[in-house]
Amino acid sequence: MRSPISWRPPATWHFFRSDDRLLLILAGAIVGICSGVAAVALNQSLIAVLGYLRPYRAYWWAFVLPAVGAALSSLFLNKIMREGAGHGVPEVIYSVSRYGGLMRFRSSFSRLISSCLTIGSGGSAGPEAPIVMSGSAIGSNIARLLGLNDRQRVTLVGCGAAGAISAIFNAPIAGLIFAMEIILGEWAASNLIPIAIAAVAGTEISHLLQGKQIPFSHHHFNIGAVDIVACIGLAVFTALASIMLTRAIRTIHHQADGIQLPSWLKAAGGGCAVGLIGLYLPMVLGEGYHAIREMMEGRFAPGIGLVFLAVLAKIMATALTLGSGGSGGIFAPCLVIGSFAGLTYHRALAYLWPGVDWVQEGCFVLLGMAGLVSGILQAPLTGIFLIVEITGGYEVILPLIIVSAISTTICHYMEPASFYLKDLVEKGQLMRPGTDARVLADLEVHELLETDCITVHTDMLLRDFVDIVKQSRRNLFPVEDQSGQFQGMIYMDDIRPYLFDPLMYDAVLVGQLMNPRVETVSPDDDVVEVLERMDAEGLFNMPVVANHRFRGMISKSTLLDQYRKELMVQTYHLNR
Amino acid sequence: MYSQLFHIFRNTPLGRETFLQSLYFCNQVDTTPVVYIPEFIKFLMYFDNDVVQVDLDESYLTDPATAEDHARILLDSANLKPNFFTPKNFTASTLPDIPTNFEFMCCPRSISDLSSKIGLGYIGPRVRRIVTSARFPVLITSAVYKPWTRLVVFFGGSANALNALKLGMRIARQTGMPLDIFTQAENRSREDYAAIIRDHHMEDELERLQQRWIFFDEGKFETNLYAVPHDALVILGAYGHGLIRNLVFGSKMENIQSTIPNNLLIVGPNYTAGI
C-alpha cells in the first residue's frame, strides 16, 4: 500500500532532472538565508554576552572569566553535543574533499553556542569559523533533505559558508571568494552562481535584521608612491606574524594533547592564561574589533612598544585559546594582529623617517589586516576583498594586492600548506576533486577486479594445462590446491620452454611450474598502496587473494581505465 | 563472492554473545568478519546521503588490554582468520571514520545506550539510522548466542520485502537451510503476493528453495508471530514506506523485533539485492 502522503526529494522531480541549475540556485538562496540567520543569531548572542559580562571585567578576578567560558564551551561540545573539537573550517574542507560535503546536523548549531561561550567570556577567537561550520552544515543537511548528489551537496556546503561569511562581515564578495578559494578549492562555473546567490541572500538577511552596517567605517587615504614601496616591508612583517601565529597555535595544541587532563580542564587552563594576559593588555580579549576601530581612526593611544607587545600578546592569547580547546576561529584574531602589526610598522617608519609624508596610520592598519589574513589562509583574494568590503573603500586596492600577494608568497614558502589545510595535508586527507589522490581514493580494489582468469589446480598435468591455455585469452593462471586455497601463479613467459616440449606433457604437474612466491593484494587494500607496490616491484598485474582464496586479478590497464572514468565523473561539472 | 561482516567488539559477556552470533553467521554464509575494537567512544559512518555519528555505550571500552585476545580466542574457536580493523581517517582527532562498504554489519539492538536497556521492543536510534542509510543488511542479534538452522523471510509485497526475499534466497542457497516465507495479508489475497513474486521472475528459484509459505489472512499480526520457529534467522525489510507512514502507522519491523527474540537480518531502504 502506498502512503497517502509521500515525500519525494526535489532532486528526483522531473522538472529538475534535466538541468539542476535552477534547483541549485533555489536551494542556494534558502541555504544563504538560513546561514545568514545563524550568523546574525551568533552576532547578537555575542553582543548580549559581552554586554552582560562587561561590568564584571573591572574586578580583579575577571581573569577567570575566559577560563569559565572555555571550560563550559569544551564541556558543551564534548559532553552534550559529543562533537570532536576543532576550529571548524578544516572539518568542512575535510568533509568536502573526502565525503562529498556530508556533515552532521548537530554541527549546524553546536559551534554557535560553544563559540559564543568562548568569545563572549573573553577568549581570543573569532566567530567566523564557527559560523562557517554552521552554515556549511546547514547547506549539507538541506542537500540531504532535497536528495542531492555529492557534487550538488558540495555546492550547497559552499553556499552555506558564503552566506555565513557574507552575513557576519556584510561582505558578499568576500563570502563568495572565501567559499570558492578555501572551502571548495576550485572555480567551477556551476558552483559560482548558486554561491553568489547564497552570498547575496546572507548579506540581505543581515541587512534586514541588523541594518546596513559595515564592521569598520570608511576612511579616505592619500596613498603616495613611497607608501606603496613601504608596503613590501609590511608584507614581510605580516607574513612573519602569520607564520608565528600558525606555529604557536599548533605547538600549544600538540602540547595540550599530550597533557593527561580532561579537555574542559585544559581549555580552562588556556582561558585562565588568556585572562591573565588580558589583565595587562585588555585589547587582546574577545574578538577585538573595538581596538581595530580606534586604530583605523588614529585614536589608539599606546606607543610603538606597547603596540608591538600587543602583536605578540594577541598571538599568544589566540594560540592559548584555540590550542587549549576553546571554540572559535582565527579570522578575527588575524584582523586584530594584522592591525597591530600595521600600526607598529607605520609608527616604526614614522620614527625612522620622520621627514617623509606617510599616509595616515589607519591605512597601514588596514593593509596589515589584509597581510595577516592572506598569509595565514594563503588565500590572497579572500584577504583583499574582505578588507575592501569591511572598510568600504576601493582606493587602497593597489597596496592591498601588493601586501596580500607578497605575504601569501612568503607564507607559502615557509609553510607550504595554509593554517586550515596543514593538518589535512600532513595526514594525506586533503583530496580536492579531480586530483590524483582524490580519484585514487574513490577507487576500491573490488571495483578493479578482473575475474576472467581460468583457475588451475596444482596436481593438473601439463597436457591438461595446455588445453586450458588454448581456450584462455590471458597469459596468466592462478593456481589452487584441492581445497581451493591459492598456491601461486603461472605466467606464460616463465613456462614457454615446457609448452613446446611434448615429452614434458605427462611428466610435469602445474604445481611444479607455478611461481609460489607472488605478491598478492587483499580486497581491503588501499588502491594507492597497491599502485605503489606495483611500481616498486615493476608489476603490471597482481592476484587478489582473501582468506587464502583467489578472487581475481588487478592490473594497471584496468586501473587506468577506471581512473579515467572516475576523473571524468569528478570533473564533469568543470566542463559545463 | 568475497564478502565481509563488520563487527564492533564489546569486551563483555554480552559482547561475547553478540560476537559468537556474528561468527556463526560468517561461517554459515562464508563471510569474513572484520572486527573493530574501539579506542574512542564515538565514530562516524559516512553513507551515500547521510552521516551517522555512533556514540557507543561505555562498555565497548571495557578492559582494552584483553579485548583483542578475547576476540582472537573466539575467532580461533570458529576457525576464522582474525581481521582487525584500524581506522585510517579521522574527522576529528577522537572521531574516527568507519567505512560503509561492508556487505553486512552486526549490531546489538542498541549500541549507544546502556546494555541494561537492551531488550525486546527497543532499538536504539543509531541502529535505526544505520538500517535506514546503509547499503548493507544489519544483523541484529539475540541477547544470547543461539545458532539458527532455518530461515524465515517476512514478505509483505513491498520493494523492501522483495529485497529481503532475494537476500533470504541467497542465504538459503549458500547455507542449504530451509527457507520459509511469512506473510500477513493486508487487503490482498495470496494470489496477489504470488503475482508480485512472479512479476520479478523469482517463482522458479523460490519453488526450489522454499519449504513453506506461512500465510495469515486473519488474526492479529503479533499473535501470528508465534508461528515463527524459535531457531530461525528472520530476514525482513525495514522503513520502506517512508518516514511519514512509519511515524503514523508504525514500522512493521519494530513490531516484529519487539515480539520475537530471534536473530534478525534487516534490509534497509537503500539495500540493493541480487538473487
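Below, chains carry the letters A, B, ... as their sequence lines are ordered, and counting in each starts from 1.
When the candidates B:Asp50, B:Val52, B:Val34 are compared by the number of heavy-atom contacts under 4.5 Å with chain A, B:Asp50 comes out ahead. Looking only at heavy-atom pairs under 4.5 Å with chain B, the residue among A:Asn141, A:Asp524, A:Asp423 that has the most is A:Asp524. Counting heavy-atom pairs closer than 4.5 Å to chain A, the top-ranked of the candidates B:Asn89, B:Thr32, B:Thr91, B:Asn101 is B:Asn89. Ranked by heavy-atom pairs shorter than 4.5 Å toward chain B, the options A:Arg549, A:Arg153, A:His548 are led by A:Arg153. Heavy-atom pairs under 4.5 Å with chain A peak, among B:Val51, B:Leu44, B:Asn49, at B:Asn49.
Under the 6.0 Å cut-off for aromatic ring centres, B:Phe9 and B:Tyr36 do not qualify, their centroids lying 6.0 Å or more apart.
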### Task
Decide ring pair (Phe, Tyr, Trp, His ring centres under 6.0 Å) for B:Phe136 and B:Phe104; before the verdict, give the C-alpha distance in whole Å, the side-chain angles of both, and the deciding distance to 0.1 Å.
CA-CA 5 Å; B:Phe136 47 75; B:Phe104 301 97; 8.7 Å; no
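Neither the backbone nor the side chain of A:Asp257 comes within contact range of chain B; no heavy atom of the residue lies under 4.5 Å from a heavy atom of that chain. Contacts between A:Arg98 and chain B at a heavy-atom distance below 4.5 Å involve the side chain alone, from C-beta outward. Using a 4.5 Å cut-off between heavy atoms, B:Asp48 contacts chain A through its backbone alone, with no side-chain atom that close.
No option in B:Leu56, B:Asp55, B:Asp97 other than B:Leu56 meets the side-chain contact (heavy atoms from CB on, under 4.5 Å) test with B:Phe43.
Figure legend: B:Arg135 and B:Phe47 shown without cation-pi pairing, the cationic atom not lying both under 6.0 angstrom from the six-membered ring centre and within 45 degrees of its axis.
The aromatic rings of B:Phe154 and B:Phe182 are tilted relative to each other, their planes meeting at an angle between 30° and 60°.
Side chain of A:Arg533 to main chain of A:Thr520: a donor-acceptor pair is present (N/O by atom type, distance under 3.5 Å, no hydrogens or angles).
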